[in-house]
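See below for the structure under consideration.
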Amino acid sequence: MENKVSVRPARKSDAADIARLVVMAWPVDAFLAHGKGKTIGDLIELVADVAAKEDTLYSYTNTVVAEIASERDSDSKAASDEANGGKVVGIMIGYDGASLHRLRRPVEEAFASKFGASDMKWDDETQAGEFYYDSIAVDPGYRGYGIGTALFDAMGKRAAQLGHDVAGLLVDLDNPSAEKLYSRLGFMTVGEKDFFGHSMKHMQKRL
């Protein structure tokens with residue numbers, strides 16, 4: 001790939017890109033089922049609002065982004081992207097599992113307000129004792145270039161700097177390719193969890 005990829009902490013101005021990419025990693029049908037007449041666009045808009053805040057699960061403060069900038073490209077779109085810091089092609093969100101309920105509360109309130117989903121059941125994905133890798137997503141056009149691995153490296157360093165020694169994540173039982181990647185990165189299965197009707201493997205790694 002001729003473009004240079006870098007990973008950096010997300011900024012508030014990245015909220016729309018965070019939302020666009022994080023929704024790729026979600027069981028979208030489970031969310032839309034609670035919002036009569038709502039679309040994926042509505043869901044992305046809601047997540048963008050949440051991502052622009054500082055104390056939520058999907059906040060830009062909990063996110064690292066992979067950014068691509070063309071080294072030599074006269075195309076006006078590429079030049080515009082580079083002038084604004086590059087094009088965001090991947091994101092990863094992570095936070096202290098002990099903060100799950102506090103960080104999730106404003107997200108629950110947003111869904112209840114905008115989707116009418118006050119009865120929505122939110123399964124606990126994580127718990128105290130692990131730094132949780134909530135979501136990772138790479139733009140389909142940029143997969144296969146090691147961007148996911150770079151995001152994991154950056155988030156792992158952040159977790160270690162914050163004093164954590166265990167990282168955890170969930171992977172769908174129907175996604176063996178992702179499980180293979182996580183195993184290659186050093187994650188081991190420690191149990192199973194249900195998440196929005198999906199059976200997930202709970203995997204952890206020592207940092």
Side-chain angles (χ1 to χ4, degrees), residues 7 10 18-19 21-34 43 47 50-51 55-66 90-108 110-111 117 119-138 140 143 146-207:
V7 177
I18 293 170
L21 290 166
V22 77
V23 168
M24 291 182 184
W26 278 9
V28 173
D29 291 345
F31 288 95
L32 295 182
H34 288 270
L43 183 60
V47 177
V50 172
D55 204 29
T56 74
L57 286 186
Y58 310 113
S59 171
Y60 70 94
T61 61
N62 296 327
T63 307
V64 294
V65 303
I91 61 95
M92 188 169 185
I93 297 171
Y95 48 81
D96 184 350
S99 301
L100 173 65
H101 291 171
R102 175 177 59 79
L103 294 173
R104 192 173 66 193
R105 191 171 302 114
V107 182
E108 294 172 326
F111 271 94
D119 62 340
M120 192 169 177
K121 182 181 181 294
W122 295 75
D123 299 310
D124 285 355
E125 309 164 61
T126 183
Q127 64 282 315
E130 73 175 10
F131 188 88
Y132 183 57
Y133 294 166
D134 183 291
S135 303
I136 178 168
V138 176
R143 292 174 184 169
I147 293 173
T149 299
L151 288 165
F152 268 97
D153 288 346
M155 190 60 79
K157 289 176 182 177
R158 173 183 285 196
Q161 289 170 354
L162 291 172
H164 296 273
D165 54 16
V166 175
L169 53 77
L170 299 184
V171 59
D172 199 310
L173 294 179
D174 294 328
N175 194 352
S177 59
E179 182 182 351
K180 183 177 180 180
L181 169 64
Y182 302 153
S183 296
R184 181 173 62 80
L185 292 173
F187 286 85
M188 299 180 64
T189 300
V190 295
E192 291 189 9
K193 289 178 180 285
D194 289 328
F195 182 60
F196 286 106
H198 289 248
S199 295
M200 314 284 281
K201 283 190 177 182
H202 182 199
M203 304 182 77
Q204 289 184 333
K205 174 185 178 178
R206 303 290 300 185
L207 297 172

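Everything numeric here is computed off the predicted structure, so don't read it as measured data. One-based numbering along the sequence shown.
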Working to the nearest 0.5 angstrom, can you tell me the gap between [X] [atom1] and [Y] [atom2]?
X: F131; Y: Q204; atom1: CZ; atom2: CD; value: 13.5 Å
X: D172; Y: F195; atom1: CG; atom2: CZ; value: 10.5 Å
X: T126; Y: D96; atom1: OG1; atom2: CG; value: 8.0 Å
X: Y58; Y: R104; atom1: OH; atom2: CZ; value: 8.5 Å
X: Y182; Y: F152; atom1: OH; atom2: CZ; value: 5.0 Å
X: E130; Y: K205; atom1: CD; atom2: NZ; value: 14.0 Å

Check your understanding: Looking at D124 and K193, does any basic side-chain N land under 4.0 Å from a carboxylate oxygen?
Key ->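 Judged by the 4.0 Å cut-off on N to carboxylate O distance, D124 and K193 do not form a salt bridge.
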Check your understanding: Any donor-acceptor pair under 3.5 Å linking the side chain of R143 with the backbone of V138?
Key ->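 Answer holds: yes.
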Exercise for review: Examine distances only and state if a side-chain atom of N175 and a backbone atom of A178 form a donor-acceptor pair shorter than 3.5 Å.
Suggested key: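 Side chain of N175 to backbone of A178, a donor-acceptor pair under 3.5 Å: yes, one is there.
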Practice item. Give the intermediate values and the outcome of side-chain contact (heavy atoms from CB on, under 4.5 Å) for residues L57 and N62. Key: CA-CA 7 Å; L57 286 186; N62 296 327; 5.7 Å; no
Review point. Please walk me through it: do Q127 and H202 pass side-chain contact (heavy atoms from CB on, under 4.5 Å)?
Key: CA-CA 12 Å; Q127 64 282 315; H202 182 199; 3.7 Å; yes
Hey, does [Y] have a side-chain heavy atom less than 4.5 Å from the side chain of [X]?
X: L181; Y: V171; result: no
X: T149; Y: L185; result: yes
X: T63; Y: Y95; result: no
X: V166; Y: R206; result: yes

**Study point:** Y133: which of M203, E125, M155 passes side-chain contact (heavy atoms from CB on, under 4.5 Å)
**Key:**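 It is M155, the one option of M203, E125, M155 that forms the side-chain contact (heavy atoms from CB on, under 4.5 Å) with Y133.
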Exercise for review: For a side-chain contact (heavy atoms from CB on, under 4.5 Å) with L103, tell me which candidate from T56, D55, V50 qualifies.
Suggested key: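 When side-chain contact (heavy atoms from CB on, under 4.5 Å) is applied between L103 and each of T56, D55, V50, only D55 qualifies.
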Nearest heavy-atom neighbours spanning [X] and [Y]:
X: A154; Y: V7; answer: CB-CG1, 3.5 Å
X: L151; Y: A137; answer: CD1-O, 4.4 Å
X: I147; Y: A66; answer: CG2-CB, 3.5 Å
X: I18; Y: A51; answer: CG2-CB, 4.1 Å

Exercise for review: Give the intermediate values and the outcome of side-chain contact (heavy atoms from CB on, under 4.5 Å) for residues Y132 and L170.
Suggested key: CA-CA 9 Å; Y132 183 57; L170 299 184; 3.5 Å; yes
Practice item. Please report the C-alpha distance between W122 and V107 in whole Å, then the side-chain angles of each, then the deciding distance to 0.1 Å, and finally whether the side-chain contact (heavy atoms from CB on, under 4.5 Å) criterion is met. Key: CA-CA 10 Å; W122 295 75; V107 182; 3.8 Å; yes
